Number of protein chains: 2
Amino acid sequence: MKRVRINTMEELSVAIGVSRPTLSRYFNDPKSVRPSTAEKIRLGLQQVDYIPNFFATRMNRESTGIVGVIIPYLHDLFFASLLEAIEKIGLQHDFTILTQSSHGDPRLEARAVERFISMNADAIVISPLGMDSDVAALELAASKLPVVFIDSNLPEHLPNVDFVGTDNRQSINIIVDYLCRTGTAPIFFSMPRLNSNSQEREAAYVERMQWHGLEPQVLIHEKLPERWSERWSFESYAYQLMDEYFSRGRYTQDTLLCVNDLLAIGVLRAATRHHLIIKPSAGAAGIRVAGHGGYPLSDYMTPSLTTVAQDVNALAGAAINMVIERVRGAGSSLPSRQLFEASLKIQESA
Amino acid sequence: MKRVRINTMEELSVAIGVSRPTLSRYFNDPKSVRPSTAEKIRLGLQQVDYIPNFFATRMNRESTGIVGVIIPYLHDLFFASLLEAIEKIGLQHDFTILTQSSHGDPRLEARAVERFISMNADAIVISPLGMDSDVAALELAASKLPVVFIDSNLPEHLPNVDFVGTDNRQSINIIVDYLCRTGTAPIFFSMPRLNSNSQEREAAYVERMQWHGLEPQVLIHEKLPERWSERWSFESYAYQLMDEYFSRGRYTQDTLLCVNDLLAIGVLRAATRHHLIIKPSAGAAGIRVAGHGGYPLSDYMTPSLTTVAQDVNALAGAAINMVIERVRGAGSSLPSRQLFEASLKIQESA
DNA sequence: TTGTATTTTTTACATGCGTAAATAAAGGAG
DNA sequence: CTCCTTTATTTACGCATGTAAAAAATACAA
């Protein structure tokens, strides 16, 4: 900790003996002032405690360097790892990453969007809630600054919005193919009123099953919890539902392909509680469970979860690259849509 | 979405027909203008798209309403749930919660602290990295605004910093007592160079074991991963270490009390991979595993994890209350230190 | 040495809004 | 209807910095 407490650049300028604008230029690019001046400032800064005001530095500036990130839910490790990847890559590009969680609530999502607009953020990277998102707020945002959807999309595709996500058709195909090849045909387990991914994956599942000449079977309950937060508690939802089914002896010898890993974790837990035989050897009867997403803790489940892993780093990198392109570029290019392949992760559960 | 695009309050004032300062007062408190004027403004706002500039509104204001939250690590669900609790409670008190993750890196932590100083945040709520934290940066922060440590503390207690945490002595006592009562005495499994909690818990463990007249036994490896991010990957660290031990037949019939739940999850996974008998019935030989923290997914492990659950909501609520007190109050009161009890959560693993 | 071209630095204004002080309007009593 | 009190609105200034334009300093050649 240094000695003198300096609060404004004005104070600093008299303390060091250069004009305030010169300091301003130095902070934005030390090479934009004469080397002797830069050295003088550098030495002066070592004697004092000075931190430029965040708001003032961003008030009258063409680019704030802020990238706002909005995710639906913090306690889903998929989003946590996605966010970490975005933060790390964004940091490398000298962006200031600010994050808001919508807590599964569309009103909070809309508020977060407005907050980033009000900050003149360079761009917004958002994993939208989906069905329930406030489309008007997102449209307003897209009309004012670059918006990149990541991982999930809105039902009605917005113009002027870029998209980075996983190729659900590819990912579902490889997991369906694997499951069909190694045992009974999978039943697709989903949740209603989610985002674009759940719909896309279900459609891809149905299509691929028909391609195999098999009858698609979708397990989905229309009844949803009332509260937003519970609506996104996949694992507990799946556990409760399957616990009931298993008690009645249903689905105990089937292969369940879950729309995401958290659902699969809930299913797994229900299955182990009911002492069901998981991933039976050839010929024997038992249940198999597969997920989708590549949840960070899937390796630590017992049995470890067979899934298709999304490439979080690729998604994050692509999103930041799109932001850079929009910020640098003329901004008149068409909205881009970038899909990444997922990789099959065969473990113990299927 | 509305019609007219309005960018500044100035534009809005001519559009509605009241002066700009009147609008400013209306936004800060609609009741501070005449009802007829308020109604006029309200109607006018429905015709336009206007979002006040975030920076400008916080520039020349006594209180910014911003509470900065800094957590070490996003992909630890304990911190994720802590953060969610803080955000929700903070929101109820009309604070603007901004979050930064230090990604386990003390330089990023220091940068986050400086960022919130530069924003004139009303307060900082931080779960410090601990040993590796930049003390100077935190001291500087504490000299400028209220700082509340949550969950973990620094080795050297800073003056002027409030603390909200779990009563480690109480939590360790109840889990040690339970384990001693129901089977072999626990071995304490920890990681070196963590935060204050690991030291406190170890000390509490040693003390309680001696109180029971038992020999304390601590399992700890001094070798740590080089990279910050890996240093905080508890589950993989624990898995690798215990996998090796189990291969050599060590600890396969002991009771392991882990300093946190993620370590326990790693241990559990190693144990199930080695087909060890977990939580043996009375008399039989086998391993028991207990954690500490109340990790959200501990119910979904197989076997489900026996642990002591920290009260995340209580911690978050107390932290926000301290912030409110510091902001409202004269601010001259002594630093407070508030500890919460944890509750024993007996499940399948011990 | 002087004049010109090329940096650097400074002066002056801008950013969008909060807020104290000054002014105007409304309300009520006589 | 007039005057005074109370409340509401406006004028004027401030916040901490960025940045274009003007002024000064430097560099270099003749």
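Quick caveat, the model's predicted, so the values are computed rather than measured. Here is the naming used below: chain letters follow the sequence lines, and residue numbers restart at 1 for every chain. Keep in mind that the numbers below use all heavy atoms, side chains included, and drop hydrogens, waters and symmetry copies.
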Item to check | Carboxylate-amine/guanidinium contact R42(A) E39(A), below 4.0 Å | outcome: yes
Checklist entry - To the nearest 0.5 Å, what is the distance between CG (N160(A)) and NZ (K144(A))? => result 14.5 Å
Item to check | With D162(B), the side chain to side chain donor-acceptor pair (under 3.5 Å) member among R337(B), R326(B), Q338(B) | outcome: R326(B)
Checklist entry - Mapping S63(A) and R25(B) onto DNA chain D by nearest heavy atom, which one lands closer to the 5' end? => result R25(B)
Checklist outcome for this item: Quick tally for nucleotides 22-29 of chain C: nucleotides whose base has a protein heavy atom under 4.0 Å get B, sugar-phosphate-only ones S, the rest -, giving ----S---
Next on the checklist: A side-chain contact here means heavy atoms from C-beta on lying under 4.5 Å apart; do L98(A) and F116(A) qualify?
Outcome noted: yes
Checklist entry - Side-chain contact, heavy-atom cut-off 4.5 Å: S101(B) with Y73(B)? => result no
Next on the checklist: At 4.0 Å (heavy atoms only), tell me whether T8(B) reaches a base, stays on the sugar-phosphate, or touches nothing.
Outcome noted: sugar-phosphate
Next on the checklist: So, taking the atom named CD1 in I70(A) and the one named CG in L129(A), what distance separates them when rounded to the nearest 0.5 Å?
Outcome noted: 9.5 Å
Checklist entry - Is Y50(B) near enough to dG16(C) that one of its side-chain N or O atoms lies under 4.0 angstrom from OP1 or OP2? => result no
Item to check | Bounds of contact between DNA chain D and chain B, in 5' to 3' order, using a heavy-atom cut-off under 4.0 Å | outcome: dA8(D) to dA16(D)
Next on the checklist: Does N28(B) reach a base, just sugar-phosphate, or nothing at all? Heavy atoms under 4.0 Å.
Outcome noted: sugar-phosphate
Checklist entry - Does N53(B) have a side-chain nitrogen or oxygen under 4.0 Å from the phosphate oxygens OP1 or OP2 of dT15(C)? => result no
Item to check | Length of the line joining M59(B):CE and dC17(C):P, which is rounded to integer Å | outcome: 12 Å
Checklist entry - For the pair made of CZ in F27(B) and P in dC17(C), what is the distance, rounded to whole Å? => result 9 Å
Item to check | Net bend of the helix from dT1(C)-dA30(D) to dG30(C)-dC1(D), end axes of five pairs each, nearest 10 degrees | outcome: 40°
Item to check | Side chain T57(B), main chain N53(B), donor-acceptor under 3.5 Å | outcome: yes
Checklist entry - Rounded to the nearest Å, what distance is computed from the CD atom of residue E62(B) to the C1' atom of nucleotide dA20(C)? => result 13 Å
Item to check | Value in whole Å for how far the P atom of dA14(C) lies from CD of E10(B) | outcome: 13 Å
Checklist entry - If you count the non-hydrogen atoms of other residues, nucleotides and ligands that lie under 6.0 Å from CZ in R111(B), is the total more than 12? => result no
Item to check | Spacing of Y26(B) atom OH relative to dC17(C) atom P, expressed in whole Å | outcome: 16 Å
Checklist entry - For R20(A) and dC13(C), what is the distance between atoms CZ and P respectively, to the nearest whole Å? => result 14 Å
Item to check | Ring geometry between Y50(B) and F27(B) (parallel below 30°, tilted from 30 to 60°, perpendicular above 60°) | outcome: tilted
Next on the checklist: Using side-chain heavy atoms (C-beta onward) and a distance below 4.5 Å, is V312(B) in contact with F78(B)?
Outcome noted: yes
Next on the checklist: Measure CZ/R61(B) against C1'/dG16(C) and give the value in whole Å, please.
Outcome noted: 13 Å
Checklist entry - T22(A) near the nucleic acid: base, sugar-phosphate alone, or nothing, with a heavy-atom cut-off under 4.0 Å? => result base
Next on the checklist: Return whichever of A56(A) or N60(B) has its heavy-atom-nearest nucleotide of DNA chain D closer to the 5' end.
Outcome noted: N60(B)
Item to check | Distance, rounded to the nearest Å, where D29(B) contributes CG and dT19(C) contributes C1' | outcome: 14 Å
Checklist entry - Are N153(B) and N195(B) close enough that some pair of their side-chain heavy atoms sits under 4.5 Å apart? => result no
Item to check | Nearest-0.5 Å distance that lies between atom CG in L23(B) and atom CG in L12(B) | outcome: 5.0 Å
Checklist entry - With a 4.0 Å cut-off on heavy atoms, is T57(A) in touch with a base, just the backbone sugar-phosphate, or nothing at all? => result sugar-phosphate
Next on the checklist: Let's see if you can work this out: which of dC17(C), dT9(C), dG18(C) has an atom nearest to the side-chain heavy atoms of T37(A)?
Outcome noted: dT9(C)
